[in-house]
Structures are given as C-alpha cells and as structure tokens.
A.B. asks: 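So that we are looking at the same thing, I have put the structure below in structure tokens.
All chains are named by letter (A, B, ...) in the order of the sequence lines, taking the proteins before the strands, and each is independently numbered beginning at 1.
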Number of protein chains: 2
Amino acid sequence: MGSGERKSAGKRPAAPAGLNRDVVLDAALGLLDAVGPDGFTMRALARRLGVYPTSIYWYFPRKNDLLAAVVAHVLRDLAPETDPRDWRPFIAGLFRRYREAMRRHPHVAALTGANLVSNAAVDLALIDGILAALVHAGCPDERLLAAFDVVISSMAGFATMEFAALPGEDQSAWVDDMRAAVAAVDATRHPHLHRLRDRMANRHFMLRWENGTTVPLDAGFDAHVAVVIAGLEAFMHHQES
Amino acid sequence: MGSGERKSAGKRPAAPAGLNRDVVLDAALGLLDAVGPDGFTMRALARRLGVYPTSIYWYFPRKNDLLAAVVAHVLRDLAPETDPRDWRPFIAGLFRRYREAMRRHPHVAALTGANLVSNAAVDLALIDGILAALVHAGCPDERLLAAFDVVISSMAGFATMEFAALPGEDQSAWVDDMRAAVAAVDATRHPHLHRLRDRMANRHFMLRWENGTTVPLDAGFDAHVAVVIAGLEAFMHHQES
DNA sequence: ACCTGAACACCGTTCAAGT
DNA sequence: ACCTGAACACCGTTCAAGT
C-alpha cells in the first residue's frame, strides 16, 4: 500500500543522475540514522545524493511520503519464522524483532507509533499472523480484535519509548536538572522513590537522560513481554464479560 | 524540574505587552490544539499573542523548551485520588486519566512517548505512587523496577498510538489507498484478515485512516488495562526467575 | 522520463537597540 | 526587565525550462 508510487513499467533509459526510488530511500535512511529527524532535510538529502533538492520530488511527492517509505522499509519482515499456532513464541518473537528494528534505527522510533502514516508501512502478512496466533490461542471471537489492539500497541509502545529521542544538543543543562531532581527527592514525601532513586537514575522511564541506544532496558522489556503474554492468556480465557 | 525557568522572584512591574510565562503557555497549548505540531510555529504563536516572535524567547529560550512545558502542563495531576495500596484501581485509574488527557489534547500525543524531554514533565509524586502501588501489590524488590517500566510504557503506549497524528491535509489519496488495500485482502494468503477486514477497517490499529478523536478504541483500551493488570499480577507472583 | 535552476513563502534563532 | 526590529541562515515546495 505504498504511496508516492510511479507507474512507469516501461524501460528506463539509465537516468542521467543515476537516481531511482531505492537509491533515494537508502540515502534517506542513512541520513536519518546520521542526523535524526530534526536534521533530516530534503536539501541535506539532496546534498548527500549530489543532486538538486527538487530532483527528489520526482520519486517522492512530499517529504512525509519519503519518511513513510523509510519507516516501511525499516519495519519490513517483522513476522517471526515460528508458526503462529505456537502463539507464545510468536508474540515474544514479534516483540523482540520490532525492538531490534528500532535498535538498529533508533531515530525512526519517533516516526512510528505517534504517526498514523506509518500504519501503511506494516504488511498484511503480519496482521494475519497476529490474528492467527490469537485464534490458535483460543481467543473468543468477540475479544479477538481488542486483543489484537493490545498486541499492536504493546509491540510498538515499549520500543518507541525505550528509544525516545533526546533533546537538542545542549543536553548538559537538562541533564544537570534531571540529576539534581533525582538527588533531591524528599524522603518523607516520596519514600519509595527516595529509597530507589540511585537504582532508577538514568536506568528507568521518566528518570532517564539517555535512551535505549546507550542504556538498554532489557529487564523492563523482558518483563513487558511476560506481562502481555500472561495478561492476554487471562483476558482471552476469563469467563465473565 | 522545569527548564527555561526565570529566577526573578522580585516584584514584576506589569510588563508593557502583558506577556508572562503562563500567558505564553496557554496560548501555546491553544495553538497546538488548533493547528497541530506541523503548524505550531513561534511566529504563529507570536501572531496569536500580538507580539514579535522574538518576545517569546524571553520566557522560553528554545521552541523545544516551550513544547516540553506544554506537555508538562497537559500531563499534570495524573495520579488518581484512590489509595495506591489498592493497586488495581490505582493503575486502572492512572491509565484512564492519561488517556483522557490525550483525548483532550490529541496533538500532544505526538510529543510524548517518542520524546525524552517529556520525561521531565511528569511529577515525582506520580512515580512514587506507582512504586507504592506495586510494593503494596506484593511485588518482590528485584522485579519492582522492571514492573515500573511496564506500567509507564503501557500507560503511554496505548494512548499515544490511539491518538497518533494523521498525515497532511491531502488525506484523500492515502485514505483511498487504505480502503483499497483492505478491500483487496487475499482470502487464501490472509484468511483471518480476510474474514475480519470489514470489522477491522478504520476501527483497529494498522488499518485506520482516522484516529481516536473520531474513532475511539474503547474495547481495545479496556482490554489493554485488563491485560496489563492481570499480567503484572502473574509477573509479580510467579515463582521461577 | 528525469533533472536543473530560479523563485516563493516561509522557518528558528541571534543580536543590538529601545524603554 | 521586557520587548522591538532587523537580519542570518536556513526550510519545503512550485513551476518553467532543459535534455
């Protein structure tokens, strides 16, 4: 379901500048990995390709279409090889593969999840695979699609947050603020946080100043997979409405 | 832990243009609600305030600082009134309140989750409350912080995706593409999706062309809350490592 | 079919200057 | 302390023109 597609199925007479859809796409992913969403510019991409900025518009009519294609490229082949009929390994493998894709290209985390366009990225085979897994897990039909939504949002939610973008380059000030706030936690007002603040500082959500590229949340991720699978089991097989 | 703070605790002699931090913040949230992140411009905000664009920089040194403050403002007072010792209603209420905040200001969904800066937004009381809830649920100490990460990412993940931003204003083309793709699902290659495609079209993740503001995912959200709570229960009390 | 080149209507941010 | 006003170095996108 790609947008910005060219139909020309005819012979291509070796374009003068050697540009084509895949070349632009590869360069775009390289640029995004290198500079992040803020630095990702049509003009910077053109510089990288050695062409005029407007040349890119022949292949992608808008910057958003190009970014959507990049997301689609990164998220291709997410479905695990395991048989969906063995639903637990299938779901766990899916989550793991999604996370690995985000780890390889952390800057796309900001473009997924919070953007509906990226939905067009994911292939129908993956959707069918998840539905198959849930059906074989014994999910009743009237809960199937709710369970599906839980799987999708859980798959994307954790990794999106783990690799959340850092603020601009003047990090130092905000890092100092974070450190100070964590160090100054009041023992009587926030006793639990006070007790755990050294273990939590920069290692858990809401108290980090680095993201998953430098400080992975492995324990949290494993817990997340276990929680979703155990919770789905209960949700699918619990009696009452 | 706000950034871009002014220290001047002294008397303020009624600024000529009537500008101050709260006025700017309110106008910023109003502008964001009205036009979304793409239209959110320092110059547009200045127009709305009747001042020069550069005036805003007196209160917020960078656009990012202003956006972080807007996120912080929207996410204030998330902690439910219920006692964290009753951990299930506490977690469920927390998720519900987070979702309601996103529903009130859907455009901030794109700014949370995928952005580390927004972390500075959330107050320490909320973190302490979640930790208290998990401790009173009987979570063993060595699993406490992993469970905490599951709670945070689950709280933010679903709502962020439910209110994910739509593409630009030329929706029609991409909506037609989505409709066509859903209608053309192959019955033999994707049997489950084929069977469910009418029920899923525009109503579930990955197959939507509208977001939660017009098509809420109520069933999915309720399932998500149930799954996380039941899954946490299992994770916290399961014996083996 | 594919790319150049100029041009339009914008941006965020800096900085000196005013009051 | 707070705001104006000009200026800098950029943007995405359009459109006519070339080959």
A.B. asks: So Met102(B) and Val108(B), do their side chains get closer than 4.5 Å, heavy atoms only?
C.D. replies: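 Side chain of Val108(B) against side chain of Met102(B), heavy atoms only: contact under 4.5 Å found.
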A.B. asks: How is Ser55(A) classified with respect to the nucleic acid when contacts are heavy atoms under 4.0 Å: base, sugar-phosphate, or nothing?
C.D. replies: base
A.B. asks: Tell which nucleotide pairs with dT14(D), taking only Watson-Crick or G-U wobble pairs whose two distances are both under 3.5 angstrom.
C.D. replies: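 Per the H-bond distance test, dA6(C).
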A.B. asks: Within the structure provided, determine whether Phe205(B) and Phe158(B) are in side-chain contact (heavy-atom separation under 4.5 Å).
C.D. replies: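 They are in side-chain contact.
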A.B. asks: Specify the separation, in whole Å, of atom CZ of Arg43(B) and atom C1' of dC11(D).
C.D. replies: 11 Å
A.B. asks: In terms of the nearest nucleotide of DNA chain D, which residue is placed more toward the 5' end: Thr54(A) or Gly39(A)?
C.D. replies: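 So the residue in question is Gly39(A).
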A.B. asks: Is Arg62(A) side chain donor-acceptor paired with the dG12(D) base, going by distance under 3.5 Å alone?
C.D. replies: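 It does not, because no donor-acceptor pair links the side chain of Arg62(A) to the base of dG12(D) below 3.5 Å.
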A.B. asks: Ignoring the backbone of Tyr59(B), work out which of dC11(C), dC3(D), dG12(C) is nearest its side chain.
C.D. replies: dC3(D)
A.B. asks: Would you sort out whether Arg203(A) and Asp149(B) count as a salt bridge (Lys or Arg N to Asp or Glu O under 4.0 Å), showing the intermediate values?
C.D. replies: CA-CA 10 Å; Arg203(A) 319 209 82 87; Asp149(B) 283 343; over 6 Å; no
A.B. asks: Let's test this: given Watson-Crick or G-U wobble pairing with both distances under 3.5 Å, identify the partner of dA1(D).
C.D. replies: dT19(C)
A.B. asks: Rounded to whole angstroms, how far apart are CH2 on Trp58(B) and C1' on dG18(C)?
C.D. replies: 14 Å
A.B. asks: Nearest of dG5(D), dG12(D), dC11(C) to any side-chain atom of Tyr52(B)?
C.D. replies: dG5(D)
A.B. asks: For the residue pair His105(B) and Phe163(B), establish whether any side-chain heavy-atom pair is separated by less than 4.5 Å.
C.D. replies: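 No - every pair of side-chain heavy atoms lies 4.5 Å or more apart.
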A.B. asks: Side chain of Thr41(B), heavy atoms from C-beta onward: which of dG12(C), dT4(D), dT14(D) has the nearest atom to it?
C.D. replies: dG12(C)
